Enquirer: 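Provided herewith is a single structure, encoded as structure tokens, for subsequent inquiry.
This structure is a prediction, so every number in the text was calculated from the model and none was measured. Order of the sequence lines fixes the chain letters, A, B, ..., with proteins taken first and strands second; residue numbering starts at 1 for each chain.
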Amino acid sequence: MSKEDLDRYSRQILMNNFNKDSQLKLLNTSVLIIGAGGLGSTAILYLGSAGFGRIGIVDNDVVEETNLHRQVIHDETKIGLSKAVSAQQTIKKLNSKCECYVYKLLLTSENALSVIKPYDIVIDATDNVCATYLINDACILTNKILIQASALRMEGQLSVFNYNNGPCYRCLNPIPPPAGTVTKCNVSGVLGVVPGIMGCFQAVEAIKIAAGLGANYSQKLLIYDAELGKVRVVKTRPKQENCSICGKNPSITSLIDYEDFCNMKKCTNPN
Amino acid sequence: MSKEDLDRYSRQILMNNFNKDSQLKLLNTSVLIIGAGGLGSTAILYLGSAGFGRIGIVDNDVVEETNLHRQVIHDETKIGLSKAVSAQQTIKKLNSKCECYVYKLLLTSENALSVIKPYDIVIDATDNVCATYLINDACILTNKILIQASALRMEGQLSVFNYNNGPCYRCLNPIPPPAGTVTKCNVSGVLGVVPGIMGCFQAVEAIKIAAGLGANYSQKLLIYDAELGKVRVVKTRPKQENCSICGKNPSITSLIDYEDFCNMKKCTNPN
Amino acid sequence: MGKNITLSFGGGMEILFNNTKEREIELPDSVVNIKDLIAYMKDELLQERPELFVLNDSVRPGIIVLINNADWEIEGGLEYELEDDDEITFISTLHGG
Amino acid sequence: MGKNITLSFGGGMEILFNNTKEREIELPDSVVNIKDLIAYMKDELLQERPELFVLNDSVRPGIIVLINNADWEIEGGLEYELEDDDEITFISTLHGG
Ligand SMILES: [Zn+2]
Ligand SMILES: [Zn+2]
């Protein structure tokens, strides 16, 4: 490692369970963050600054004013600009040594595998159920570790999937929720800093996994409620033998039509 | 509230327990953040974007490269610049409607009361024990709510003091730790995103307090351990009648010499 | 005497149940397992729109059920027999970011 | 037979105790209350530098002691009598940001 890197990451390397080798592992690990919105904002800031060698950012949206109460990687000068490009600009200034690639596209069944393939770890920072199933299935098919989180109102949830023979999102949620039961930030609202916290927790998982310190929330679910000030970590079921994507005889062997599967006429973009 | 504000904060106002009145309360509340370092970075980002009418930032340090693995409100172009000014520049771009004042100074027994007085809520985002006792005492003498947090290695702690007749930092910690037992980030190291999470939690407390939703962690202590993935919320003792600053017959009635009190020859700046 | 359990809600499920995130209830003797509990909650506690809570004698997809802070699947699912002081949690999966 | 309790450490205290954040121990009969426990830990479990743990028969200032996840002061402090399965936690206050 260069002296410059040793300096820049010195506060991290000083930790008794994190040394030069751990930092080298980060420098040799790549992370793809899907969604540069509320969750993505802090996830990207901390992954870009922690010393990952390469990060990728996927987002097809542009920055809007209503995003700015929570999407703090952007700012007023970026309104109208691609969120992925805006986030990339912030990272280039924060850590010019981090290779940062952008994908200004909507992740679909057609492009997901090729976008995900070059990365070691995937972070689902999207805001809709179709995207979550799509990303889960694409991570299983390409054998990538997936750190999934979501936030709404004053609550957040997080889990790590496809890690060390642990479960995937479908193992826990084989059937999608009925379309009428799902609400989003533009309907139910969200306290800006709650996705901020969940994005930070996603970054912790990525760093620990890359450094070889182990994931905290594989086969576990973190549930945060800012209204009650409560944080629960609960044990979930293990990998399911009959899972339709990661089980012994998977019925899904290539990506499917996720809007159809989720009974949604149209899924919105990840943001 | 202006139509522009209604738009900007719409995703927040949509929540069922947070309405226009809550947002107005935020716009009429001021917060002082002491320290624009690891904790301050996210606390300032989310307080600046959430719609507080006025925020103040206290820091006497300049941005260094070794800060950038965790102090994500700054960037490489800010190296050498005052941290307070750097943070102010970021907030001005993120939310030009937030009045943001800077105090490029080291908080001392001489200036603390006058700096703190014009604010409603104080956030201790400093990195040393002297500053924490100084800020605690100054908040009691000026009757301000204090949101205190700290982070080291992979752990963080947070509590709210002087809220609704709850305890202060001295109620819980009447005697400072022996000087030789205290280590700091530049000795023990810190995983960058851990202060990020704690700063986010500080922002949640400030928003909930300002909106009238109640603090989560008054007479409670949040303890986060990223190594174990464990978050505990523990009940602490109530306000102590014999507390030397907030008790019935306080022996401390004006700010004292905190370096002397903490047996430190010299305290470093808050960062 | 019936068993006393704590019900806890999150992710929006609380809106269906009197907007309370936690409540203690005393169960009638007829409620033995989780399946009975779901039917009892639907008939006696639910305020509105049962389709947001139940589907075919179970909870609808998209609801996380926890028995004493563990996934109900590892505790026996619908057949789990309730005990005094159990905490049963119903949390909707969130989709937002 | 002695009581079994869980000791848990944080904030750097674990470094003094074998670098383990959690361990179960069986107590000798002579250890009745927290005061006894601290003395026992100092004599039998501490690896080095007792001044980082104890001061005058108690823990040094700057250590948070929790009895089953509550501040020891509200549970009786040094006089609290240990029970089987208790979790006693020693966490150093942190100063960093
Ligand atoms: Zn699976
Ligand atoms: Zn006090």
Enquirer: Run B:Ile207 and A:Val193 through side-chain contact (heavy atoms from CB on, under 4.5 Å) and show every step you take.
Expert: CA-CA 9 Å; B:Ile207 293 167; A:Val193 60; 4.1 Å; yes
Enquirer: Okay, side chain of B:Gln12, backbone of A:Val190: is any donor-acceptor separation there less than 3.5 Å?
Expert: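 Not confirmed, B:Gln12 side chain does not pair with A:Val190 backbone.
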Enquirer: Tell me, for A:Ser10 versus chain B, whether the close heavy atoms (under 4.5 Å) come from the side chain, the backbone, both or neither.
Expert: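 Contact with chain B is through the side chain of A:Ser10 alone.
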Enquirer: Under 4.5 Å heavy-atom distance to chain A, tell me which part of B:Tyr224 shows up: side chain, backbone, both or neither.
Expert: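 For B:Tyr224, side-chain heavy atoms alone lie under 4.5 Å from chain A.
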Enquirer: Locate the shortest heavy-atom distance separating A:Leu228 from B:Lys208; write the atom from each residue and the value.
Expert: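 Here A:Leu228 and B:Lys208 meet closest at N-NZ, 4.5 Å.
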Enquirer: So for B:Glu205, is it side chain, backbone, both, or neither that comes closer than 4.5 Å to the heavy atoms of chain A?
Expert: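 Contact with chain A is absent: no heavy atom of B:Glu205 under 4.5 Å.
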Enquirer: For A:Lys235, look at atom NZ and say whether over 12 heavy atoms of other residues, nucleotides or ligands are found less than 6.0 Å away.
Expert: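 Not more than 12 within 6.0 Å, no.
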Enquirer: If you round to the nearest 0.5 Å, how far is CZ of B:Arg11 from CD of A:Gln71?
Expert: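 A:Gln71 atom CD to B:Arg11 atom CZ measures 9.5 Å (nearest 0.5 Å).
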Enquirer: Looking only at heavy atoms and a cut-off of under 4.5 Å, which of B:Ser96, B:Gly214, B:Gly51 has the most pairs with chain A?
Expert: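 The candidate making the most pairs under 4.5 Å is B:Ser96.
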Enquirer: Within a strict 4.5 Å, meaning less than it, do heavy atoms of the A:Val72 and B:Leu94 side chains meet?
Expert: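 Yes, side chains in contact.
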Enquirer: Please classify the contact between A:Glu227 and chain B as side chain, backbone, both or neither, with a heavy-atom cut-off of under 4.5 Å.
Expert: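 Both the backbone and the side chain of A:Glu227 come within 4.5 Å of chain B.
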Enquirer: Measure across B:Ile197 and A:Cys200 and return the closest heavy-atom pair with its distance rounded to 0.1 Å.
Expert: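 Minimum heavy-atom contact is CG1-CB, 3.2 Å.
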Enquirer: Would you say NZ of B:Lys230 has more than 12 non-hydrogen atoms from neighbouring residues, nucleotides or ligands within 6.0 angstrom?
Expert: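 Above 12, so yes.
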Enquirer: Heavy atoms only: give me the nearest A:Leu191-B:Met15 pair and the separation to one decimal.
Expert: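 The pair with the smallest heavy-atom distance is N-SD, 3.4 Å.
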Enquirer: State the CD1-CG distance between B:Ile73 and A:Leu45, to the nearest 0.5 angstrom.
Expert: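 Going from the CD1 atom of B:Ile73 to the CG atom of A:Leu45 covers 10.0 Å.
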Enquirer: Restricting to non-hydrogen atoms, name the atom on B:Val204 and the atom on A:Ala226 that form the minimum distance, rounded to 0.1 Å.
Expert: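 Shortest heavy-atom contact: CG1-CB, 4.1 Å.
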Enquirer: Should B:Glu76 and A:Arg8 count as an ion pair when the cut-off is N to O under 4.0 Å?
Expert: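 Judged by the 4.0 Å cut-off on N to carboxylate O distance, B:Glu76 and A:Arg8 do form a salt bridge.
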Enquirer: For residues A:Asn95 and B:Leu68, determine if any side-chain heavy atom of one lies less than 4.5 Å from a side-chain heavy atom of the other.
Expert: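 A side-chain contact under 4.5 Å is absent here.
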Enquirer: Looking only at heavy atoms, which two atoms of B:Asp75 and A:Lys93 are closest? And how far apart?
Expert: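 In terms of heavy atoms, the two residues are closest at CB-O, 3.3 Å.
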Enquirer: Under a 4.5 Å cutoff for heavy-atom pairs, which residue among B:Phe18, B:Tyr217, B:Tyr9 has the most contacts with chain A?
Expert: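 Highest number of heavy-atom pairs under 4.5 Å: B:Tyr217.
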Enquirer: Need one label for B:Val233: side chain, backbone, both or neither, based on atoms under 4.5 Å from any heavy atom in chain A.
Expert: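 Looking at B:Val233, just its side chain touches chain A.
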Enquirer: Which pair of heavy atoms, one from A:Ser49 and one from B:His69, lies closest together, and at what distance?
Expert: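 Closest approach of A:Ser49 to B:His69: OG-O, 3.4 Å.
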Enquirer: Which one of A:Asn16, A:Thr77, A:Asn17 has the most heavy-atom pairs closer than 4.5 Å to chain B?
Expert: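 That would be A:Asn17.
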Enquirer: In the structure I gave you, are the side-chain heavy atoms of B:Met154 and A:Leu213 within less than 4.5 Å of one another anywhere?
Expert: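 A side-chain contact under 4.5 Å exists here.
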Enquirer: Donor-acceptor pair, distance only, cut-off 3.5 Å: does the side chain of B:Tyr46 make one with the backbone of A:Gly192?
Expert: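 Side chain of B:Tyr46 to backbone of A:Gly192: no pair is present.
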Enquirer: Has A:Asp7 got a side-chain atom pairing as donor or acceptor with B:Glu65's backbone, closer than 3.5 angstrom?
Expert: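 Such a contact is absent between A:Asp7 side chain and B:Glu65 backbone.
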Enquirer: What is the distance from atom CG of A:Asp225 to atom CG of B:Asn216, rounded to the nearest 0.5 Å?
Expert: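 Taking CG in A:Asp225 and CG in B:Asn216, the distance rounds to 8.5 Å.
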